[in-house]
Amino acid sequence: MKYFLMFWAVLSAFGFSVAQADVQADELEGRLGSVAVKAQRFALLSPQPSGFESNDKIVFDYYAPRGSASGSAKGEIGKAPAIILLHQLMLFNVNGDPTHYMQQAAQYVAERGVAAAVITLPYHGKRAVPGRPPISRFISGDAAAVEQAFSQSVADVRAVTDWLAMRPDIDAQRLACFGASLGAIVTHLAMGQDERLRAGVAVLGGGNLASFKDQSFLVRFVLKNSVKKLNEEQLKTLSRVDPLTYADKNRPRQVLMIQAARDMFISPQAATSLWEALGRPPLRWIDTNHMALILSPQSAIRAALSFIEASWNGATPAEAAAQTPDITVPTLKFGWLTGLDSRLTPAIQYQALTLGSRKHMSLFGANLGLSGRGPFVGLAATATPFIDLGFAYRLNGGQGLKPYASFHVVF
């Protein structure tokens with residue numbers, strides 16, 4: 001047990017530092033590459049107001065590009081391309097900036113000659129409304145509230161797109177969108193309704209919002225029994241902000257989808273249904289859960305910029321995807337083991353090697369683990385997203401290979 005507690009303390013401290021990372025309001029500065037790029041904060045009035053004063057001011061941070069775009073993306077001479085970046089859903093408005101991850105992405109693209117605009121989505125951060133946490137607006141039994149939040153988000157993206165397109169230093173023919181989680185859903189919606197966004201990368205998004213309660217463990221947990229079955233009017237309301245509704249209009253444009261095979265929030269079914277509706281664009285699966293990109297943000301950012309720049313240079317979706325680097329995210333398993341000299345013990349495992357694939361997850365995985373009985377190495381088959389069955393050897397006094405079962409959640 002002491003080994004488990006020591007490792008958990010280190011990991012918890014790391015996770016806390018990520019969650020609490022903050023960004024200054026007036027002059028944002030950070031590093032993903034070697035040279036910091038300063039950002040300017042702007043505000044616009046939302047074209048689709050909610051009636052809450054604090055929420056109806058669009059707050060976004062603009063990173064002017066440094067030098068010329070990498071890869072010499074074809075466009076109007078002297079004008080830079082631009083990417084709009086959209087953040088994940090926050091459960092509550094607490095300390096920290098919900099756009100922190102996207103500020104890193106903006107740093108990365110701006111250092112490579114691409115302008116970036118990081119939007120704070122409605123009900124988040126400085127747009128918070130007392131008594132209305134973000135999750136209660138985007139995940140709710142009130143279909144009208146959900147429609148309002150998503151509609152305002154898309155309208156705000158359109159307003160910032162207008163702002164970028166009118167800038168004399170921006171090439172309006174090379175605009176793109178990059179979003180994660182909630183931001184990915186808004187990316188799909190915005191691209192389906194604004195043809196100026198000619199390329200986009202959506203990380204951990206999906207479609208068919210009405211199915212989320214049935215397919216998503218976390219959505220079921222949040223809604224609990226507040227929604228038993230959606231009636232016809234509620235289904236019609238949600239369809240107005242469902243990416244599936246606009247998928248056919250998005251087909252002419254370049255889209256890369258990045259999805260998690262063990263996602264407990266945006267189910268693989270929700271991702272697949274949208275992928276089909278979009279005409280099967282490039283899709284990258286990662287063997288992990290919804291929060292994993294926190295551990296390896298640079299991988300997704302590099303892949304996104306590579307795909308978008310290839311699209312701006314005239315590559316087809318397949319060609320752009322072929323030029324896109326792999327997305328590397330660790331598969332970390334947290335849970336309990338039975339067997340391996342224990343009836344039941346807590347364990348943390350790192351899937352160091354993947355052998356084969358089944359439903360976009362590992363068919364077999366070589367695991368390095370730490371349990372209450374000490375460190376071990378194992379080889380296991382993936383029975384379900386939450387169960388492994390295999391054989392392992394304890395490194396601190398084990399006596400040969402022994403069978404074990406792992407019951408876990410993947411980070």
Side-chain angles (χ1 to χ4, degrees), residues 83-90 98-102 104-106 109 116-122 124 134-135 138-139 146 149-151 153-154 156-157 160-161 176-194 197 199-209 211-212 215-216 218-219 241-247 250 253-278 281-286 288-294 296-297 299-301 303-305 307-308 311 317 321 324 327 329 360:
I83 300 176
I84 293 172
L85 299 111
L86 305 172
H87 61 80
Q88 74 283 359
L89 176 68
M90 298 289 286
T99 67
H100 174 69
Y101 170 67
M102 289 304 167
Q104 294 183 54
V109 302
V118 181
I119 302 177
T120 299
L121 291 170
H124 288 78
I135 193 169
F138 290 93
I139 301 177
V146 174
F150 276 107
S151 293
S153 299
V154 175
D156 292 353
V157 172
V160 175
T161 303
C177 202
F178 171 52
S181 189
L182 169 63
I185 297 175
V186 176
T187 292
H188 286 300
L189 285 169
M191 290 189 69
Q193 299 177 53
D194 192 337
L197 299 172
V201 176
V203 182
L204 308 174
N208 194 3
L209 299 186
S211 71
F212 276 22
Q215 296 178 354
S216 167
L218 292 180
V219 173
V241 289
D242 194 322
L244 290 179
T245 303
Y246 308 94
N250 198 10
R253 290 177 288 286
Q254 311 267 52
V255 182
L256 171 65
M257 297 175 67
I258 300 173
Q259 305 294 150
R262 308 187 196 221
D263 202 321
M264 296 173 65
F265 184 60
I266 305 292
S267 71
Q269 299 97 309
T272 302
S273 63
L274 180 57
W275 176 69
E276 294 280 1
L278 288 169
L283 171 59
R284 296 282 180 88
W285 288 98
I286 49 179
T288 186
N289 206 336
H290 197 76
M291 298 297 293
L293 288 176
I294 289 175
S296 184
S299 183
I301 294 168
L305 182 58
F307 179 85
I308 289 171
S311 300
T324 300
I327 299 149
V329 178
H360 315 298

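Of all heavy-atom pairs spanning Gln254 and Pro317, the tightest one is OE1-CG, 2.7 Å. Looking at every heavy atom in both residues, Ala261 comes nearest to Pro268 through O-CG, 3.4 Å. A pairwise comparison of heavy atoms in Leu204 and Ile266 identifies O-CG1, 3.4 Å as the closest pair. In this structure, Pro282 and Val255 approach most closely via the heavy-atom pair CD-O, 3.4 Å. The shortest non-hydrogen separation linking Leu197 to Ala190 is CD1-CB, 3.9 Å. Across every non-hydrogen atom of Leu244 and Ser273, the tightest pair is CD2-O, 3.6 Å.
With values rounded to the nearest 0.5 angstrom, Ser299 atom OG is found 8.0 Å from Ile258 atom CD1.
With sequence neighbours left out, the ring pair (Phe, Tyr, Trp, His ring centres under 6.0 Å) criterion links Trp285 to His360. Remark: Ala149 pairs with Tyr123, Arg137, Phe138 by the side-chain contact (heavy atoms from CB on, under 4.5 Å) rule, at least two apart or across chains. For Ala106, the side-chain contact (heavy atoms from CB on, under 4.5 Å) test picks out Tyr63, Leu85, Ala116, Val118, with sequence neighbours left out. For Tyr101, there are no ring pair (Phe, Tyr, Trp, His ring centres under 6.0 Å) partners two or more places apart in sequence or in a different chain. Every residue meeting the side-chain contact (heavy atoms from CB on, under 4.5 Å) condition with Ser181, not counting sequence neighbours, appears here in chain and number order: Gln88, Phe265, His290. Every residue meeting the side-chain hydrogen bond (donor to acceptor under 3.5 Å, both in side chains) condition with Glu276, not counting sequence neighbours, appears here in chain and number order: Arg280.
At least one side-chain heavy atom of Ile83 sits under 4.5 Å from a side-chain heavy atom of Ile308. At a threshold of 4.5 Å between non-hydrogen side-chain atoms, the residues Pro281 and Leu256 do not count as touching. Side-chain atoms of His188 and Met257, non-hydrogen and from C-beta on, do get closer than 4.5 Å to each other. Under the 4.5 Å side-chain criterion, counting only non-hydrogen atoms from C-beta, Pro134 is in contact with Leu89. With a 4.5 Å cut-off on side-chain heavy atoms, Leu305 and Ile301 do not count as touching. Here the side chains of Pro122 and Ser153 are in contact, with some heavy-atom distance below 4.5 Å. Residues Ile139 and Val146 are not in side-chain contact: their nearest non-hydrogen atoms beyond the backbone lie 4.5 Å or more apart. At a threshold of 4.5 Å between non-hydrogen side-chain atoms, the residues Val154 and Gln193 count as touching.
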As a quick check of understanding, evaluate side-chain contact (heavy atoms from CB on, under 4.5 Å) for Val329 and Ile327, giving each step before the final call.
CA-CA 6 Å; Val329 178; Ile327 299 149; 4.0 Å; yes
Under the criterion side-chain contact (heavy atoms from CB on, under 4.5 Å), I'd like the reasoning laid out for His87 against Ile119: C-alpha separation, chi angles, the key distance, then a yes or no.
CA-CA 8 Å; His87 61 80; Ile119 302 177; over 6 Å; no
Apply side-chain contact (heavy atoms from CB on, under 4.5 Å) to the pair Thr288 and Arg262, showing each step before the final yes or no.
CA-CA 5 Å; Thr288 186; Arg262 308 187 196 221; over 6 Å; no
List the steps and the verdict of side-chain contact (heavy atoms from CB on, under 4.5 Å) for Val157 and Leu86.
CA-CA 9 Å; Val157 172; Leu86 305 172; 3.9 Å; yes
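Judged by distance alone, with hydrogens and angles left aside, the side-chain atoms of Thr99 form no donor-acceptor pair with the main-chain N or O of Met102 at under 3.5 Å. Not a single donor-acceptor pair under 3.5 Å links the side chain of His100 to the backbone N or O of Pro98. Between the side chain of Asp242 and the main chain of Asn208, a donor-acceptor pair closer than 3.5 Å is present. The backbone N or O of Ala260 sits nowhere less than 3.5 Å from a side-chain atom of Asn289 that would complete a donor-acceptor pair. Side-chain atoms of Arg284 do not come within 3.5 Å of backbone N or O of Gln259 as any donor-acceptor pair.
Screening Thr187, Val203, Val109 for a side chain to side chain contact (heavy atoms under 4.5 Å, CB included) with Phe178, the sole residue that qualifies is Val203.
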